[in-house]
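Note on naming: letters A, B, ... go to the chains in the order of the sequence lines (proteins, then strands), and numbering restarts at 1 for each one.
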2 protein chains.
Amino acid sequence: MLDVARAAQVSVATVSALINGTTRVSPALTQRIEAAISAIGYERNAIARSLKLGATKTIGLLVTDIRNPFFADIVATIQYALNRVGYAVMVCSSDEDTALQDMQIKLLLDRAVDGLIIAPAGEDVMLKDFLASVRRPMVIIDRTCEGLDADTVTLDNRKAVLDATSYLVGLGHRRIGYIAGPLITSTGRDRLSGYRDALTEAGVPYVEELVQGGDSREAGGYRAAMQLLTQRDRPSAIFSANNLMTIGTMRAIRDAGLSCPDDISVACFDDFPWADVFRPHLTTIAQPVQAIGEYAANLLLDRLFGQADEAPRRLVVQGRLIVRESCRALARP
Amino acid sequence: MLDVARAAQVSVATVSALINGTTRVSPALTQRIEAAISAIGYERNAIARSLKLGATKTIGLLVTDIRNPFFADIVATIQYALNRVGYAVMVCSSDEDTALQDMQIKLLLDRAVDGLIIAPAGEDVMLKDFLASVRRPMVIIDRTCEGLDADTVTLDNRKAVLDATSYLVGLGHRRIGYIAGPLITSTGRDRLSGYRDALTEAGVPYVEELVQGGDSREAGGYRAAMQLLTQRDRPSAIFSANNLMTIGTMRAIRDAGLSCPDDISVACFDDFPWADVFRPHLTTIAQPVQAIGEYAANLLLDRLFGQADEAPRRLVVQGRLIVRESCRALARP
DNA sequence: AATGCTAGTCTAAACGTTTAGAAGGAGCCA
DNA sequence: TGGCTCCTTCTAAACGTTTAGACTAGCATT
């Protein structure tokens, strides 16, 4: 900018004024400055600008796994919503690893992001103190973090699983296997409680051995499903608590030489874009992904522009059970 | 930092020296400074630091569609590789829209990224001049950009499709439909040429109407497949040139009331993590995604650290045909 | 006693912007 | 002519670091 100013024989203040349109600049100088800019090929240094303005117009987004289509969708939506208003998005993936998660957050903070959107991994309790120490606008998505004063966008997980389980019960299923996500997360607990509540409502006894813990990845889903499928009194249906574990579940069913829905019914959390194209056509709970992303972006923008000290807002959205063909009705005995 | 220096009664230079470990600091001062830092809760301002150092330790990554599992995987791999060496990744998605792409690149440059990894969208020619004007280390992945002096990592697309097509021919197929990606991209052209070359090799005539252009999204794949399926002399096999179009293709087959592989065989580009779990078990060309991501990250790091003026390197990796059950052998007539 | 070396610390000048407030000039009115 | 206002432009001080080079004191060497 100094070079431009010299070439145009004006002060840097005038160049800055012209570029930012903060003050009127006479036509004569405007022309000279513009000529100098294009002659030199000047590009404003964004770092110096950020330093002076105290904002980077960048937000950090941390998810547990970009490869998970659910989060890929979330990332795309948030990215789009924030780009529209001039913000860039720095994406990190914690791979469900709390140590990595801490590193990533530090990495983001060290890039001086103006705000954060986080889908937390690992145990709430551990994370809480760490996040509380981050003095930056922040919204938590997907899972909650008990006791943390931050905006959140979450699904009504209990209700969603309750609906799906009730649907299975309605088809006549009594032994329903449940492949759970990690119970150290609010999501894992809420979804499981939906399952329990549905059974209770229907008067079906809750059987400990029908609930198997997965790790929310494909491998965990596979192990858990195998456990269920090899029990002497095999369940007639399985509910899988997230999309990656569902893939593992289906692989286990295949490896066990069984067929869905003939030998075993399957319902699961999270929809797939191809669910009605490949067989078995899965019955799923679809999350309103777009809405979650938009809400998260908007909550953060509100904080960035507006009242930073307002009470935290907690948005809860509803899932939707999409019935396809992976669950069959049991004949009444 | 000034506050810390004052509180510890030292100069800012000493504080900086301690924090960065650039010079030895006596135990007495070390203790005083550390006490002051934790008392004040000081955190180094990364922007000021970047300004002084002239580097942000951040790279920009632009893909055409984060929701595409292929790119999600690429993003995750690159992110991991760069995080490991202290770089953050700013991700943008152009949604195959060249105007949006230009905006995103400007957005990234305006954040003063140290380098760029780009999977270009749209016509090569348009992009070339724009990218050439970006004076920053850069590597192009997935597609090439004719005439642009940049490092690239690409797949041997022609060879991959040639293999797949030859496989179909070997099964006895003669009328093989081809659902092409946009021919304004190198990827689109190279893949198509693999198809043509395989036919030529086998002495099978190339039929214009068997090649239908998709838009590389699901909707385009659907339209193209429908076109093929409703021809009087329906092809016995279809090759779909990317993963999203494949979903569209399968949807079209379903909507046409046909079954794969009984009524029509399907092979396609890009593997799915669930391809061997859901039916039909697709025969696909798998790209070495991890390798592509790693190579891209390493090429960029080489540029960032080393010789910025070295001749551009062009890496080409090989795909792998994974035969499953979506293609059936035709009885010899 | 003069000199040199080492270790630890400091001063001050960058890095490239933005912006408050000063300065200068033109036009207008009494 | 003097006093006002308005418009444009400039000066200079931030923003929070890093770092070359100066300085000091203590100690060993000649």
Side-chain angles (χ1 to χ4, degrees), chain A residues 1-58 86 88 106-107 109-114 135-136, chain B residues 1-58 86 88 106-107 109-114 135-136:
Chain A
M1 183 178 276
L2 187 61
D3 295 336
V4 171
R6 262 202 278 265
Q9 303 182 57
V10 297
S11 75
V12 287
T14 310
V15 178
S16 176
L18 177 63
I19 291 176
N20 298 305
T22 47
T23 318
R24 275 195 55 77
V25 175
S26 68
L29 291 202
T30 299
Q31 208 201 337
R32 272 184 9 227
I33 294 172
E34 282 173 349
I37 286 179
S38 62
I40 293 179
Y42 165 77
E43 287 175 26
R44 174 173 72 189
N45 181 311
I47 308 181
R49 182 161 209 265
S50 291
L51 174 61
K52 191 64 191 150
L53 297 181
T56 51
K57 287 277 198 173
T58 300
K106 286 211 189 83
L107 191 89
L109 291 175
D110 199 45
R111 293 302 176 295
V113 292
D114 292 345
R135 316 201 157 288
R136 214 115 7 149
Chain B
M1 183 180 275
L2 187 61
D3 295 337
V4 171
R6 262 201 279 264
Q9 303 182 60
V10 297
S11 75
V12 287
T14 310
V15 178
S16 176
L18 177 64
I19 291 176
N20 297 306
T22 47
T23 319
R24 276 192 54 78
V25 175
S26 68
L29 292 203
T30 299
Q31 208 203 337
R32 257 160 50 203
I33 294 172
E34 281 173 350
I37 285 179
S38 63
I40 292 180
Y42 165 78
E43 287 174 27
R44 175 173 70 189
N45 180 312
I47 308 182
R49 182 161 210 266
S50 291
L51 176 60
K52 190 68 190 147
L53 298 181
T56 51
K57 287 276 200 174
T58 299
K106 286 211 189 84
L107 191 89
L109 291 176
D110 199 44
R111 295 300 177 295
V113 292
D114 292 344
R135 318 200 154 288
R136 213 114 8 146

I'd like to know if the side chain of B:R49 and the backbone of B:R44 have a donor-acceptor N/O pair within less than 3.5 Å.
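Flag not set: sc B:R49 to bb B:R44 has no pair under 3.5 Å.
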Look only at the side chain of A:N20 and the backbone of A:T22, and say whether a donor-acceptor pair between them is shorter than 3.5 Å.
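Pair absent, no side-chain N/O of A:N20 close to backbone of A:T22.
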Residues B:L29, B:S26; criterion side chain to side chain contact (heavy atoms under 4.5 Å, CB included); working and verdict
CA-CA 6 Å; B:L29 292 203; B:S26 68; 3.6 Å; yes
When you check the side-chain N and O atoms of A:R111 and A:T56, is any donor under 3.5 Å from an acceptor?
no
Separation of B:D114 CG from B:S50 OG (nearest 0.5 Å):
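It is 8.0 Å, given to the nearest 0.5 Å.
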Indicate for each nucleotide in nucleotides 8-20 of chain C, in 5' to 3' sequence, whether protein heavy atoms under 4.0 Å reach the base (B), only the sugar-phosphate (S), or nothing (-).
SBBB--BBBBBB-
Please state how far atom CG in B:L18 lies from atom P in C:dA7, giving the value in whole angstrom units.
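Taking CG of B:L18 and P of C:dA7, I get 18 Å after rounding.
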